[in-house]
Amino acid sequence: MTVRTRFAPSPTGYLHVGGARTALFSYLFARKHGGVFVLRIEDTDLERSTAASVNAILEGMAWLGLSWDEGPFFQTERFDRYNAVIDELIGKGLAYRCDCPKERIDTLREGQMARKEKPRYDGHCRHRDIPADRPHAVRFRNPDEGVVVVDDLIRGRIVFNNDELDDLVIRRTDGSPTYNLSVVVDDMDMGISHVIRGDDHINNTPRQINILRALGQEPPRYAHVPMILGDDGARLSKRHGAVSVIAYRDEGYLPEALLNYLVRLGWSHGDREIFSLDEMVELFDIDQVNKAASSFNTDKLLWLNQHYIQHADPQRIAHLLSPHMGRLGIDPSQGADLKDVVVAQQARAKTLVELAQISAFVYQDFDTYDEAAARKHLTAAAAPALGRAREALELLALEDWDADTLERTLEQVALGLGEKMGKVAQPLRVAVVGRAASPGIGVTLELVGKEATLRRIGRALGHIAGLGAAG
RNA sequence: GCUCCCUUCGUCUAGUGGUUAGGACGCUGGCCUCUCACGUCGGUAACAGGGGUUCAAAUCCCCUAGGGAGCGCCA
C-alpha cells in the first residue's frame with residue numbers, strides 16, 4: 001500500500017506553529033515511507049475563508065521547505081461531488097432531511113444540559129420525510145448501537161459507544177456541505193492512507209468512520225498529534241508572542257531552526273537534538289510521537305537558531321541578513337563585504353535581527369556610547385592608550401589594514417605602554433563600536449576600515465576631553 | 001454536566017519490571033580570553049498523589065487530583 005498523507009488547513013488565518021508541526025509530521029511520514037504528501041485547503045466555511053489566508057499558508061509552507069506532491073486542492077471546487085455523495089446517502093436511507101428550527105434545537109439542548117445530559121440532536125426528523133423542495137438541512141443517520149474502535153497510531157486503541165453520537169448535519173440549509181462530510185469524501189477520493197492531524201479531532205473520528213462505513217469504505221489509519229501550548233501551559237495564542245510561521249521569519253529565525261525545534265516537540269531520537277530535514281525523514285516515525293501536549297519554549301528555539309546561524313554558510317546568512325540590515329537604514333553594499341561581517345559575528349547572535357543590530361557599527365557611525373562601557377573605558381586614564389593607538393594606526397598602509405597586522409600593531413602599543421592588551425583594546429573597542437562587545441579587536445578594526453577607525457578614535461578623545469572640561 | 005485524551009527536572013525529552021532516573025534548553029560555577037560570544041569542564045533540578053500486582057515498579061492494574069479537547073447548519 002502506498003502511503004498517502006495530507007495537510008488540510010482551513011484558510012481562516014496564517015500558518016501557525018501548531019499547524020506547521022502537523023504539516024511537518026505528515027510530510028516526514030510520507031517521505032519516510034516513499035509516499036505522497038497532499039495539500040488540501042478546507043475552505044467550506046465560505047464566511048471565514050479568504051484568499052489572503054491561502055497565500056499566507058502557501059508562503060509559510062514554502063519558507064519551511066515543506067513541498068507537497070499533489071494539490072493544493074480546494075474543497076469549494078468539489079461541492080458537486082459532496083452533494084452527489086449526500087444525495088446517495090439520502091437515497092440509501094443513511095441520511096435524511098431535517099427542518100428543525102434553531103429554536104427547537106436550542107430548547108432541546110438547554111433541557112439536556114439542565115438534566116446534566118450530553119447535548120445532542122434527538123433524531124426528531126428521522127422519519128418525517130421532509131420534501132426536498134422545502135428548506136432543509138441534511139443529517140447523517142448515525143448507528144444507534146455498537147462501538148467504533150479507533151486504533152490510533154499515537155494514542156493506541158480508543159473506543160466510542162455509538163449511543164454517545166448523534167445525527168450530525170452534513171449539508172447546511174444553504175446547500176453547502178459541512179466539514180465532517182467533506183473531509184470524509186476527500187480523504188476517500190484522494191486515497192489518504194494515514195490521517196495525521198491535531199488531537200482536537202479525536203472526537204470527530206468516530207463520526208467520520210461511521211460516514212465512511214456508510215459509504216462502504218474502510219477507514220484510513222489515524223494519528224492524532226497533541227497540541228502545542230504556550231510557555232505558561234495555556235493554549236498557544238497571540239499573547240505568547242509570534243504564532244505565525246511568517247512572523248518567525250520576520251523576526252530573524254532560520255527555517256531549519258524552526259523545523260528542528262518543532263520536530264523535537266513531541267518526538268525525539270535518543271539524545272540527539274540537531275536534525276536536518278533529510279535526517280528527520282530518515283529517522284522520524286509517527287508511532288514514536290508523544291501523547292502529551294508540549295509547551296513552546298522560545299529559549300530553546302533561540303538556542304537552535306543561534307546554532308544554525310553559527311554553522312550555516314556565511315554567504316547564505318549574508319543574503320538572508322541583508323534585508324534586516326536594510327530595515328536599520330543600512331545598505332550593506334557600501335562598505336565591508338557583508339559575508340566577512342557574518343564570519344566575524346555569526347557566533348554572536350541568536351537571530352538575524354540581532355545579527356543586524358550588532359553589525360550596524362561596521363557600516364555607520366553610532367549615535368551614542370553605551371553608558372556603562374563609556375564610563376568604564378573612555379576615561380582620562382585611557383587617553384594615552386587611545387592616542388598611541390591612533391599614532392600607530394595612522395602609520396599603517398591601507399594594504400596592511402588586516403586583522404593580523406592590526407592586532408600585532410596594538411600588541412606593540414600595549415607593550416610600549418607597559419600595559420596589558422585589554423588596556424588598549426577595550427577603550428579602542430568602545431571608541432570604534434560604541435559598546436564593550438565586538439569580535440576580536442583586529443577583525444573589528446579591519447571591518448570598520450582605517451578612515452572610520454581614526455575618525456571614531458578622534459571622537460572618543462574628544463569625549464574624554466569633554467569629561468575633563470565638565471568635571 | 002457528559003464523552004474522549006493527557007500527566008518524568010521550570011521547559012523539551014530518554015526510559016517499555018532491576019539505572020547513582022540519562023540528555024538538551026534555561027539558570028549557575030570554573031577554564032579559555034583584549035571584550036562579548038563560541039567552545040569546554042562542573043553544578044542545580046523530575047517520576048502528580050494514593051492503593052494494589054511483584055522478590056523488585058517511573059515502567060503493569062485501580063482510584064483520586066490536576067490539565068486539555070469535543071459535545072455547531074466552525075473547521
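Each chain gets a letter, A, B and so on, in the order the sequences are listed, and its residues count up from 1.
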In this structure, how many angstroms lie between the [atom2] atom of [N] and the [atom1] atom of [X], rounded?
X	N	atom1	atom2	answer
A:Trp267	B:A24	CH2	P	17 Å
A:Leu417	B:C34	CG	C1'	14 Å
A:Gln345	B:C38	CD	C1'	12 Å
A:Tyr121	B:U3	OH	C1'	21 Å
A:Leu283	B:A14	CG	C1'	15 Å
A:Leu229	B:G67	CG	P	13 Å
A:Lys102	B:G72	NZ	P	11 Å

Please compare A:Tyr261 and A:Asp174 by the position of their nearest nucleotide in RNA chain B and report the one closer to 5'. A:Tyr261
Please compare A:Met227 and A:Arg272 by the position of their nearest nucleotide in RNA chain B and report the one closer to 5'.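 On the 5' side of the pair lies A:Arg272.
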[X] near the nucleic acid: base, sugar-phosphate alone, or nothing, with a heavy-atom cut-off under 4.0 Å?
X	result
A:Gly266	sugar-phosphate
A:Lys118	base
A:His201	base
A:Pro226	nothing
A:Leu265	sugar-phosphate
A:Glu407	base
A:Thr12	nothing
A:Arg171	nothing
A:Ala436	base
A:Glu273	base

Mate of [N] where both pairing distances stay under 3.5 Å, Watson-Crick or G-U:
N	answer
B:A58	none
B:G39	B:C31
B:C73	none
B:A21	none
B:G66	B:C6

Suppose you measure atom [atom1] in [N] against the same atom in [M]; what distance do you get, rounded to whole Å?
N	M	atom1	value
B:U64	B:U3	P	12 Å
B:G42	B:A24	P	10 Å
B:U44	B:G10	C1'	12 Å
B:U16	B:U11	P	23 Å
B:A46	B:G23	P	14 Å
B:G43	B:G22	P	11 Å
B:A69	B:G29	C1'	44 Å
B:C9	B:A45	C1'	5 Å

I'd like to know if [X] reaches the base of [N] with its side chain such that a donor and an acceptor end up less than 3.5 angstrom apart.
X	N	answer
A:Arg155	B:C5	no
A:Thr173	B:C73	yes
A:Arg120	B:C71	no
A:Asp200	B:A75	no

Salt bridge between [X] and [Y], side-chain N to carboxylate O under 4.0 Å?
X	Y	value
A:Asp189	A:Arg40	no
A:Arg221	A:Asp287	no
A:Arg316	A:Glu256	yes
A:Arg128	A:Asp99	yes

Quick one: does A:Ile170's side chain get under 4.5 Å of A:Tyr82's, heavy atoms only?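 Contact flag for A:Ile170/A:Tyr82 side chains = no.
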Measuring only between side-chain heavy atoms, which start at C-beta, is A:Leu259 closer than 4.5 Å to A:Met280? yes
Among A:Arg207, A:Arg141, A:Arg120, which residue meets the salt bridge (Lys or Arg N to Asp or Glu O under 4.0 Å) test with A:Asp166? A:Arg207
Counting only pairs under 3.5 Å, give me each side-chain donor-acceptor contact of residues 431-442 of chain A, with atom names and distances, residues two or more places apart or in other chains.
| residue | atom | partner | partner atom | Å |
| --- | --- | --- | --- | --- |
| A:Arg435 | NH2 | A:Ile358 | O | 3.4 |
| A:Ser438 | OG | A:Arg429 | NE | 2.7 |
| A:Ser438 | OG | A:Thr444 | OG1 | 2.9 |

Any side-chain N or O of [X] under 4.0 Å from OP1/OP2 of [N]?
X	N	answer
A:Ser268	B:G23	no
A:Arg264	B:C25	no
A:Thr178	B:A75	no
A:Lys291	B:C6	yes
A:Asn290	B:U7	no
A:Gln112	B:G1	no

Taking the six-membered ring for Trp, are A:Phe296 and A:Tyr261 closer than 6.0 Å centroid to centroid?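 Yes; A:Tyr261 has its ring centre under 6.0 Å from that of A:Phe296.
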